[in-house]
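Below is one structure, written out as C-alpha cells, with a few remarks after it.
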Amino acid sequence: MAERITKRETDYSKWYTDIIIQGKLADYSPVKGCMVIRPTGYALWEKIQKYLDDMFKETGHVNAYFPLFIPESFMEKEAEHVKGFSPECAVVTHGGGAKLEENLYVRPTSETIIWSMYKKWIMSYRDLPILINQWANVVRWEMRTRLFLRTTEFLWQEGHTAHATYEEAEEETLKILEVYRKFAEDYMAIPVLIGKKSESEKFAGAKHTYCIEAMMQDKKALQSGTSHNLGQNFAKAFDVKFQDKDGSRKLVWATSWGVSTRLVGALIMVHSDDNGLVLPPKMATNQIVIIPIWKSDDQKEKVLNLADNIKKDLCQDCSVILDDRDQYKPGYKYSEWELQGIPLRIEIGPRDVENNQVVIVRRDTREKIFVPVIELRNKINNLLVVMQKEMLDKAKAMREEFTFMINDYNEFKKVIDEPGGFLYSHWCGSVECERKVKDDTKATIRLIPFEKKKEKGTCLVCGEKSEGRVVFGKAY
RNA sequence: CGGGGCGUAGCGCAGCCUGGCAGCGCGUACCGUUCGGGACGGUAAGGUCGGAGGUUCAAAUCCUCUCGCCCCGACCA
C-alpha cells in the first residue's frame with residue numbers, strides 16, 4: 001500500500017510537501033534550495049503561461065528575451081534596487097577558466113539589464129510605449145526555501161514597460177493588476193484581494209507596488225502577483241530620455257510586473273484536500289479520467305467498448321484519459337487520479353453497461369452521480385462549469401469566514417494567532433507601528449485595499465488618526 | 001547564521017546503547033488467483049551502511065574530522 005498524505009490538521013506544512021512529492025509535481029534536486037519541476041507540475045505552469053500569455057498579448061504586450069547575466073555595475077546604478085537585491089544574488093566571478101574583468105550577477109530580476117537596452121531603443125515619444133514581457137528563470141539566494149513557494153531558482157514572467165507620462169505608466173500598472181486578478185479568479189479559482197503595498201513592503205526601486213493577495217487554507221496570506229509603478233527611478237539610473245512633441249527631453253516612466261511558479265503553490269494550498277491535489281477544470285491538463293471495471297474477458301470487451309465510445313464523444317469538448325491498465329485494481333486507480341487532482345472521474349462497469357449509464361465522481365466534493373449515457377456529454381460540460389465556479393465560491397467563503405474587523409490591539413493579537421486570517425484594522429501610516437505589529441505578532445500589512453472606505457478611526461498601535469482600514473495577515 | 005532532525009536497497013525505516021552472517025515494509029520483475037475505494041499467495045532481482053581517518057582479530061555499530069539534506073526562525077515572490 002502506498003503511503004498516505006499527512007492530514008492538513010496534523011501538519012499543514014507536511015501536507016503541502018506530501019501533495020507535491022506524492023503527486024509527482026516536483027522533487028528535491030541535488031542542488032540545495034532548487035527543485036525539479038516534474039511533468040505533472042510543469043503542466044500546471046504551462047497552463048498558467050498559456051492563459052496569461054494570451055491575456056498579455058490581448059492587452060498589447062509582446063515577448064522578448066534578455067540575458068541571464070547582469071554586469072555588477074548595472075545592479076549598482078539604482079540605490080534602492082541594489083540595497084534590496086544584492087544580499088540575495090548569485091554572482092559569477094569566473095568564466096572560461098579565468099577571473100572575469102567584471103563580476104556578473106545571475107539576474108534576480110531584469111530591470112537593470114532591460115533599462116540599459118531601453119536607453120538604446122528610446123529616442124522619441126514615437127518609440128513609446130514599449131510593452132515587453134519575458135518568460136524567464138531568475139535566481140534569488142534565499143536562506144530558507146519551500147517547494148514552489150520559494151526556491152533559489154524559479155520561473156516567472158516579468159513585464160517591463162516604458163511610457164511617456166506618469167499617467168500612462170500608472171494606467172499600465174493597474175491594467176496588469178486587473179489581468180492578474182482576473183486570471184487568479186476566473187482560471188485558478190483563487191479569490192484575491194487587490195491593493196497597494198505599504199512603503200516597507202514595496203519592490204526595491206519602485207515608486208509604489210500593487211499586488212494580489214490570496215488566503216491559503218491555513219489562513220496565511222500568499223502574495224500571488226505584483227505590479228510596480230517604477231516612476232522614473234530606472235530611467236534616471238540608466239539615463240533614458242525621450243524627445244517629446246514639444247521638442248523637450250524628458251525622462252521615461254516605467255512599470256514592471258510579475259507572477260511566478262509560486263502560483264502553483266497557491267493552486268495547491270487553496271483547493272487541495274487530504275486525498276491530494278484538487279484542480280479547477282480550467283487548470284487541469286486532463287479534465288476527465290475514465291476507469292473501466294471488469295471481471296471476465298467478456299465483460300472487459302463490453303466495458304472497454306462503451307468506454308471508448310464515451311471517450312470519443314467527450315473528447316470533442318475536453319481532454320479525456322482512459323485508464324485501461326490491467327495491473328491495477330479500480331480502487332488503486334481512484335486514489336492515484338485523486339492524487340493528481342483530475343476534476344472528474346467516470347467509472348464504467350458491467351452494471352453500467354447493462355443499465356446504459358455511468359458513474360461520475362467530482363474531485364472537489366467527491367460526490368457520486370449516476371448519469372444515463374445519453375445525457376453524459378451535457379452533464380459533463382455542465383459539471384465542469386459548475387465546479388469551476390463552486391471552487392472559487394468555496395475559497396471565497398473561507399476567506400470571508402476568516403476576515404475580521406479589529407479595533408483593539410489586544411484582540412488583534414489574539415485573533416491573528418487563533419483562528420488567524422485577514423484582519424482589517426486602522427493604521428496611522430507610520431513605519432514604526434507597522435514594525436511593531438510585525439515584531440509582536442509576525443503579521444504584516446498585506447495590502448492597503450483599493451476599496452478602502454473613508455472611515456475615521458485610530459491606529460491600532462499608537463492611537464493616532466487613521467482614514468481607513470488596511471489588511472493585516474501572516475504571510476508566506 | 002541560530003535551533004531541531006536525519007543520512008543503511010528505488011522509497012520509508014529497523015539494527016547502533018552492549019562491535020561478531022546487513023535486515024524489515026513498500027515498490028520493482030516473473031507466475032497464478034483477483035478486479036464497483038489503495039487485492040492476495042509464491043519466486044526473484046536489488047547494498048561503496050553519506051565520506052575520510054582512527055581504535056580493534058573484527059566497525060553500520062565505538063572515537064575524531066568532514067560533507068550533505070530536511071524542518072523551525074531571521075530574510076524574501
Side-chain angles (χ1 to χ4, degrees), chain A residues 1-6 11-14 16-18 21-22 24 27-35 84-89 108-109 137-158 180 197 200-204 209 211-214 221-228 256-266 275-276 291-297 299-300 303 323-339 345-355 357-359 361 366 368 370 438-439 442 444 446 475-476:
Chain A
M1 204 183 294
E3 55 188 318
R4 305 283 173 160
I5 292 167
T6 305
D11 184 345
Y12 190 82
S13 183
K14 184 81 180 12
Y16 175 74
T17 307
D18 283 353
I21 299 295
Q22 291 185 41
K24 297 187 168 71
D27 205 349
Y28 292 106
S29 79
V31 183
K32 182 185 165 74
C34 294
M35 66 172 175
F85 282 105
S86 263
E88 57 183 57
C89 285
T109 177
N137 58 338
V138 286
V139 167
R140 295 183 190 176
W141 216 265
E142 304 291 353
M143 288 163 187
R144 215 165 96 54
T145 56
R146 294 195 69 188
L147 295 169
F148 286 112
L149 298 179
R150 188 176 303 102
T151 46
T152 302
E153 179 190 5
F154 59 94
L155 305 182
W156 78 347
Q157 58 71 214
E158 47 180 328
Y180 288 160
K197 283 291 183 194
S200 54
E201 295 278 332
K202 75 174 189 191
F203 177 76
T209 291
C211 65
I212 56 172
E213 292 275 335
L222 187 75
Q223 179 175 306
S224 306
T226 46
S227 182
H228 318 290
S256 72
W257 27 273
V259 299
S260 71
T261 33
R262 168 176 266 200
L263 286 179
V264 175
N275 297 303
I291 313 269
I293 300 154
W294 65 78
K295 288 189 172 82
S296 64
D297 283 349
Q299 288 173 337
K300 179 175 175 178
V303 166
D323 186 355
D324 57 0
R325 291 175 299 173
D326 210 359
Q327 70 266 41
Y328 297 113
K329 290 178 61 180
Y332 180 91
K333 294 178 182 176
Y334 297 166
S335 304
E336 194 180 65
W337 287 106
E338 277 178 359
L339 202 54
R345 175 174 84 231
I346 298 176
E347 305 172 3
I348 305 174
R351 288 206 295 274
D352 300 313
V353 174
E354 240 167 73
N355 301 331
Q357 61 157 36
V358 297
V359 181
V361 183
R366 304 182 92 211
K368 287 201 175 198
F370 293 79
K438 191 178 180 186
D439 290 344
K442 288 180 189 154
T444 49
R446 298 322 308 152
Y476 269 98

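To find a chain, count down the sequence lines: A is the first, B the second, and so on, and within it residues start at 1.
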Side chain A/Ser224, main chain A/Leu263, donor-acceptor under 3.5 Å: no
Looking at every strand, decide which applies to [X] at a 4.0 Å heavy-atom threshold: base, sugar-phosphate, or nothing.
{"X": "A/Arg146", "answer": "nothing"}
{"X": "A/Ser224", "answer": "nothing"}
{"X": "A/Leu222", "answer": "nothing"}
{"X": "A/Phe154", "answer": "base"}
{"X": "A/Val138", "answer": "nothing"}
{"X": "A/Pro87", "answer": "nothing"}
{"X": "A/Arg325", "answer": "nothing"}
{"X": "A/Gln223", "answer": "sugar-phosphate"}
{"X": "A/Thr151", "answer": "base"}

Please state how far atom [atom1] in [X] lies from atom [atom2] in [N], giving the value in whole angstrom units.
{"X": "A/Gln327", "N": "B/G32", "atom1": "CD", "atom2": "P", "value": "15 Å"}
{"X": "A/Asp18", "N": "B/G38", "atom1": "CG", "atom2": "P", "value": "21 Å"}
{"X": "A/Arg351", "N": "B/C35", "atom1": "CZ", "atom2": "P", "value": "12 Å"}
{"X": "A/Ile291", "N": "B/C35", "atom1": "CD1", "atom2": "C1'", "value": "12 Å"}
{"X": "A/Asp297", "N": "B/C35", "atom1": "CG", "atom2": "P", "value": "13 Å"}
{"X": "A/Lys329", "N": "B/G36", "atom1": "NZ", "atom2": "P", "value": "5 Å"}
{"X": "A/Ile348", "N": "B/C35", "atom1": "CD1", "atom2": "P", "value": "19 Å"}
{"X": "A/Glu336", "N": "B/G27", "atom1": "CD", "atom2": "P", "value": "13 Å"}

Side-chain donor/acceptor of A/Glu338 to base of B/G37, under 3.5 Å: yes
A/Lys442 or A/Val359, whichever maps to the more 5' nucleotide of RNA chain B: A/Val359
First encountered from the 5' end of RNA chain B, between A/Gly84 and A/Phe370: A/Phe370
Interatomic distance, A/Trp337 atom CH2 to A/Ile291 atom CD1 [nearest 0.5 angstrom]: 7.5 Å
Pairwise distance CD(A/Glu142) to OG1(A/Thr152) - rounded to 0.5 angstrom: 7.5 Å
Examine [N]: is either OP1 or OP2 under 4.0 Å from a nitrogen or oxygen in the side chain of [X]? Give yes or no.
{"X": "A/Arg144", "N": "B/G73", "answer": "yes"}
{"X": "A/Tyr28", "N": "B/C71", "answer": "yes"}
{"X": "A/Lys333", "N": "B/G37", "answer": "no"}
{"X": "A/Lys438", "N": "B/C75", "answer": "yes"}
{"X": "A/Ser13", "N": "B/C71", "answer": "no"}

Step-by-step side-chain hydrogen bond (donor to acceptor under 3.5 Å, both in side chains) determination, A/Asp18 to A/Thr6: CA-CA 7 Å; A/Asp18 283 353; A/Thr6 305; 2.6 Å; yes
Using atom [atom1] of each nucleotide, how far apart are [N] and [M] to the nearest Å?
{"N": "B/C17", "M": "B/C1", "atom1": "P", "answer": "33 Å"}
{"N": "B/G19", "M": "B/G5", "atom1": "C1'", "answer": "26 Å"}
{"N": "B/A52", "M": "B/C75", "atom1": "C1'", "answer": "35 Å"}
{"N": "B/C63", "M": "B/G20", "atom1": "P", "answer": "15 Å"}
{"N": "B/U61", "M": "B/A22", "atom1": "C1'", "answer": "12 Å"}
{"N": "B/G12", "M": "B/G27", "atom1": "P", "answer": "15 Å"}
{"N": "B/C72", "M": "B/A9", "atom1": "P", "answer": "25 Å"}
{"N": "B/U33", "M": "B/C11", "atom1": "C1'", "answer": "28 Å"}

Range-with-range stems for RNA chain B, at least three Watson-Crick or G-U pairs under 3.5 Å: B:1-7 with B:67-73, B:10-13 with B:23-26, B:28-33 with B:39-44, B:50-54 with B:62-66
Shortest side-chain distance from A/Met143, nucleotide among B/G38, B/C75, B/C35: B/C75
Flag side-chain contact, heavy atom, 4.5 Å: A/Arg140 against A/Pro108: yes
Salt-bridge criterion met for A/Glu213 and A/Lys197 (N-O under 4.0 Å): yes
Ion pair A/Glu338/A/Arg345, N-O distance below 4.0 Å: yes
Output field: ring centroids A/Phe203/A/Phe85 closer than 6.0 Å: yes
Ring geometry between A/Tyr328 and A/Tyr332 (parallel below 30°, tilted from 30 to 60°, perpendicular above 60°): parallel
Partners meeting side chain to side chain donor-acceptor pair (under 3.5 Å) with A/Ser13 (sequence neighbours left out): A/Arg146
